[in-house]
Every structure is written in structure tokens, then in C-alpha cells.
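First the structure, in the form of C-alpha cells, and then the observations on it.
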Amino acid sequence: MTRRNDRSSTTEKRGAVLNGQGITFTLRRSARARRLRLEVRPETGLIAVVPRRYDMHELERFLEAKASWVLRHLAKCDQLRRSRSEGDL
């Protein structure tokens, strides 16, 4: 799914395999972005913000290089979401 928002950026869901583990993330191409930025939040998961004409092979290489960091932070987010949902019961 690709959508365009008011800030002239497009978003789409993507998938990747990091250290043998499949993940999904949101790719946001931004007209304002000047470099790659990764965000990991419990509410949204992993978001990769890239300049509009960013080379996707570079993104793949970057994610592979930062795989342990990404997986560690996604696991923390999952744990936080689970503890929040258990607290709501």
C-alpha cells in the first residue's frame, strides 16, 4: 500500500530478513529528508525515512549492517506493547 500525505512524502510497507528473522517495516520517502533515518517506536514499529531518490540497495545494506540494533529495539518494543496490553486487562 502506498499513500501520499500532506508533507509530500510517500509511505509503503516493506519486508526484510535480518539475521534470519523476517521483519516488516514502513518505508517513507520524504522530499525533506537528506539522509537515511531509522525510527523504532512501540506504536509504529520500524520506520525507515529516506530521501525521495534514495538507492534501495543502500537501505538493504544499511539494515543488514544495523541488524542487531534493529532486532534488539524491535524486541524491546514488542515487550513494551505486551506489558501495556497486560496492564489494560
Side-chain angles (χ1 to χ4, degrees):
M1 177 180 147
T2 302
R3 84 182 160 103
R4 185 175 292 275
N5 64 25
D6 295 337
R7 295 183 303 263
S8 70
S9 65
T10 59
T11 61
E12 62 184 89
K13 289 289 186 184
R14 305 276 302 241
V17 177
L18 303 178
N19 292 346
Q21 184 175 341
I23 64 163
T24 59
F25 65 95
T26 302
L27 173 66
R28 187 166 74 205
R29 293 178 186 267
S30 172
R32 295 182 60 189
R34 298 292 173 246
R35 65 184 67 84
L36 168 64
R37 182 175 79 238
L38 296 179
E39 301 174 4
V40 181
R41 297 187 181 154
E43 302 82 16
T44 58
L46 176 63
I47 300 174
V49 182
V50 298
R52 215 177 262 294
R53 297 182 187 266
Y54 196 78
D55 180 10
M56 289 298 103
H57 295 292
E58 282 295 317
L59 175 59
E60 291 171 12
R61 285 191 288 272
F62 188 83
L63 286 173
E64 288 170 4
K66 300 296 180 184
S68 61
W69 182 91
V70 169
L71 293 172
R72 186 172 64 247
H73 282 81
L74 286 174
K76 286 180 185 178
C77 288
D78 285 342
Q79 183 180 15
L80 186 57
R81 273 194 301 265
R82 281 194 304 273
S83 68
R84 284 181 181 172
S85 66
E86 290 171 0
D88 291 341
L89 297 176

Is there a path of hydrophobic side-chain contacts, each under 4.5 Å between heavy atoms, that joins Leu71 and Ile47? no
Enclosure of Glu58 CD (heavy-atom neighbours >12, cutoff 6.0 Å): yes
Do Val17 and Ile23 belong together in a cluster built from hydrophobic side chains that touch within less than 4.5 Å? no
Checking side-chain contact (heavy atoms from CB on, under 4.5 Å) against Thr26, which of Thr44, Thr11, Leu46, Val49 comes through? Thr11
Say you draw a straight line from CZ of Phe25 to CD of Glu12; how long is it, rounded to the nearest 0.5 Å? 8.5 Å
Please report the shortest heavy-atom distance between Val40 and Trp69, naming the atom on each side. CG2-CZ3, 4.0 Å
Pairwise distance CE(Met56) to CD(Glu60) - rounded to 0.5 angstrom: 8.5 Å
Test item: Asn19 side-chain N/O and Gln21 main-chain N/O as donor-acceptor pair under 3.5 Å: no
Check whether Leu74 and Leu80 end up in the same hydrophobic cluster, where Ile, Leu, Val, Met, Phe, Trp and Tyr are linked by side-chain heavy atoms less than 4.5 Å apart. no
Considering non-hydrogen atoms only, spot the tightest contact between Ser30 and Ser9 and give its length. CA-CB, 3.8 Å
With a 4.5 Å heavy-atom cut-off, do Cys77 and Arg81 have their side chains touching? yes
Atom CZ of residue position Arg61 - does it have more than 12 heavy atoms of other residues, nucleotides or ligands inside 6.0 Å? yes
Mind checking the CD-CG spacing from Glu64 to Leu18? Nearest 0.5 Å is all I need. 7.5 Å
Evaluate the side-chain proximity of Arg28 to Arg37: yes if any heavy-atom separation is below 4.5 Å, no if none is. yes
